[in-house]
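Quantities reported herein were computed from a predicted structural model and do not represent experimental measurements.
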Amino acid sequence: LLTGEKPFTGESTTTIMYKVLREEPVPPSELNLSLAPALDSVMKKALAKAPDQRFQSGHEFAEALKAAVVASTVSQVAVAPAIVAPIIPPAAATPVPLTSRPRSAGLWAVGAAAIVALMAGGYILLSSSRTASPPVAQGPVTPAAPAATSAPAAAVVATPMAPPVEAGTMVISAVGLVDPQDARFKGDLAAAQAEARNDVKRQLVEKAVALYVDQGSLDSNRPLIEQKLLSNSGAFIRTVLQEGAASDGKAGLVEMQARAVVNLREVQKSLNQLSREERVEFIRNKGDPRISIRIAIANPEGNLARDRSQLAENVVKERIKSFGFRVWAAEGDTPASGKAQAADFAIRGEVKVKQLSMKLAASGLTITKTALTSWTLKAIDVATGEEVYLSTRLPSGQSWASEDQALADIGKLVGDEFSRNFFLQHFNFRTQKTSLIVTGLPVADSPLVLRELRGMRAVLDAQAMPEAGRFELQLPEGSAPDLVQEAVLRPLNLKLGQACFALAGTSGSDVTVSFAAACATPQLRTKLESGPPAGWPSAPAGKIPVKSAAASRTTA
């Protein structure tokens, strides 16, 4: 109720149960930024592993919730404590979607906590033999005045720091643009502003899609992706961290910036489903899954240390290579290059074999066979540590005349458990953080450069840092200087019509760019702030608003 999320998630029951028994849930306030820390402590106690550490009655739970809600109400919306009474008008129980965080989100959080308090009170009503009277407020309750449904036009709804991002999600920023003169708006500026809000959500999700799908394949299948994915972009946005007001730009376009947590795993699942249902074979983006393999063989009759079977592993490696994927060194191994690099997936097999002997009465000969007695096979997403596959089902009717033959066939059995599509369906594209330092840039131009960065397809996220001219970027995996040169500087210089930005050097994750002093003129500043961001001309035909297309042609 407080976050819209389950406390423990996973691809398999085994993974979920492991988390239930061993891991602490994410504090609710990290998933819903409008919640107060007081509710975190209440939920932590309610979900304690040991029963004696939890609330011992519904009454105790309800009182703790009400106290936390009072603290949340006072600190967030400063309304009368009467709102926390567990009698709520039906309208107050309508949640605000997580995909759009208006100022009423704080009231919704309060309302949700009050609903939980009401449930706890209901538990007490059902347990009247234990409590003389339920803790329900007496008398009428005056509902609070409705909260505003959106931020003031001049405000930017922002959080000073992004919450910890859970596995399978990513913070992405983007710019949405629409032409208010478009006939569909019929001169209604408010309708154009609403569409700018929708467009920035589409841009956020489109950047996520571009992580997995080659740009050419994305463009050729655009109508299908627009219809099936981007039109439902809100379903993939977990939390909006920053949302600027939709405003009129100098080029006559309505523009909006946003920064949000996007659920990449759901984007990927939807792409996979789209491929199956529409029979579309998307061309994947650069990079293949990297897979490591470790298969341990043990004798079940002794406490011998498990030994790895190179024979079985080599058979699995050949299977993986047949997919066109790369086989990587397993954790703890020393790769041939001498430079360790983590795989994307780790296949782990633990197999126990037993020698079975039988003496033939007629000849007196003893025949020995090798049989499987135990089988555990896992595939682990190395980045998240999540088990994306687990099998303990022992292959039946298997025995071999020699141990070598057994190990070779075990490798084949392991390889047969996996397909090319299995890894593609679970593959998460890697990214990198880069600090972009622009020297010589006038302080007043930093917001303009931030807008440009957020409007570029290859820049997944951009944040201005307190230090003037410094930006934190999230880029796809690859050579940061090359990405900055091709995806950032080149389009910026094309927009300005001259080489104003130049790569000056790199140091670790820092990329330094120089801004030419000759470009610090009012004329070039006007060029920078007018028209769409430099990254927009690379969009396919029909994607750019009418006036944006005209501006692009003028620049060219």
Pair Val316-Val327, side chain to side chain contact (heavy atoms under 4.5 Å, CB included): steps then yes or no: CA-CA 10 Å; Val316 182; Val327 176; over 6 Å; no
Shortest non-hydrogen contact between Thr521 and Ala518, atoms and distance: CG2-O, 3.4 Å
Thr169 to Asn263 - nearest heavy-atom pair and separation: CG2-CA, 4.0 Å
Non-hydrogen side-chain atoms of Ile320 and Ile347 separated by less than 4.5 Å: yes
Note: Arg184-Asp182 ion pair, threshold 4.0 Å (strictly below): yes
Closest non-hydrogen atom pair between Ala174 and Gln203, with its separation: CB-CB, 3.6 Å
Set of salt bridge (Lys or Arg N to Asp or Glu O under 4.0 Å) partners for Asp445, sequence neighbours left out: Arg525
Close side-chain approach of Leu524 to Gln498, heavy-atom, < 4.5 Å: yes
Any residue meeting side chain to side chain contact (heavy atoms under 4.5 Å, CB included) with Ala192, in chain and number order, not counting sequence neighbours: Val178, Pro180, Phe185, Val254
Any donor-acceptor N/O pair, Asp199 side chain to Leu177 backbone, under 3.5 Å: yes
Pair listing, disulfide bond (SG atoms under 2.5 Å apart) test, anchored in residues 474-511, at least two apart: Cys500-Cys519
Heavy-atom check, side chain of Gln463 versus side chain of Gln474, under 4.5 Å: no
Closest non-hydrogen atom pair, Ala480 against Thr434: CB-OG1, 3.8 Å
Salt bridge (Lys or Arg N to Asp or Glu O under 4.0 Å) against Glu486, all qualifying residues, sequence neighbours excluded: none
Non-hydrogen side-chain atoms of Pro491 and Met456 separated by less than 4.5 Å: yes
Residue pair Lys228, Glu277: steps toward the salt bridge (Lys or Arg N to Asp or Glu O under 4.0 Å) verdict: CA-CA 11 Å; Lys228 299 291 185 178; Glu277 293 179 352; 5.8 Å; no
Contact list for residues 509-520, test salt bridge (Lys or Arg N to Asp or Glu O under 4.0 Å), sequence neighbours left out: Arg470-Asp510
Electrostatic pair Arg238:Glu266 at N-O distance under 4.0 angstrom: no
With sequence neighbours excluded, residues passing salt bridge (Lys or Arg N to Asp or Glu O under 4.0 Å) with Lys317: none
Within residues 440-474 or reaching into it, pairs that qualify as ring-ring contact (aromatic ring centres under 6.0 Å, His included) - sequence neighbours excluded: none
Carboxylate-amine/guanidinium proximity below 4.0 Å for Glu195 and Arg202: yes
Under the side-chain hydrogen bond (donor to acceptor under 3.5 Å, both in side chains) test, residues paired with Glu472 that sit two or more places apart: Ser435
Qualifying residues under salt bridge (Lys or Arg N to Asp or Glu O under 4.0 Å), relative to Arg451, sequence neighbours excluded: Glu255
Residues Glu226, Arg222: salt bridge by 4.0 Å N-O rule: yes
Residues forming a side-chain hydrogen bond (donor to acceptor under 3.5 Å, both in side chains) with Glu467, sequence neighbours excluded: none
Contact check, side chains of Leu218 and Glu206, non-hydrogen atoms, under 4.5 Å: yes
Arg259, Arg197, Lys201 screened by salt bridge (Lys or Arg N to Asp or Glu O under 4.0 Å) with Glu243, the one that passes: Arg197
Pairs flagged by disulfide bond (SG atoms under 2.5 Å apart) wherever residues 432-467 is involved - sequence neighbours left out: none
Expected output: side-chain Lys378 to main-chain Arg348 donor-acceptor under 3.5 Å: no
Positive for side chain to side chain contact (heavy atoms under 4.5 Å, CB included) with Val488, one of Leu475, Leu453, Val513: Leu453
Partner residues of Phe515 under the ring-ring contact (aromatic ring centres under 6.0 Å, His included) criterion, sequence neighbours left out: Phe501
Nearest heavy atoms of Pro476 and Gln432, plus distance in Å: O-NE2, 3.0 Å
Lys207 to Ser173 - nearest heavy-atom pair and separation: NZ-O, 2.8 Å
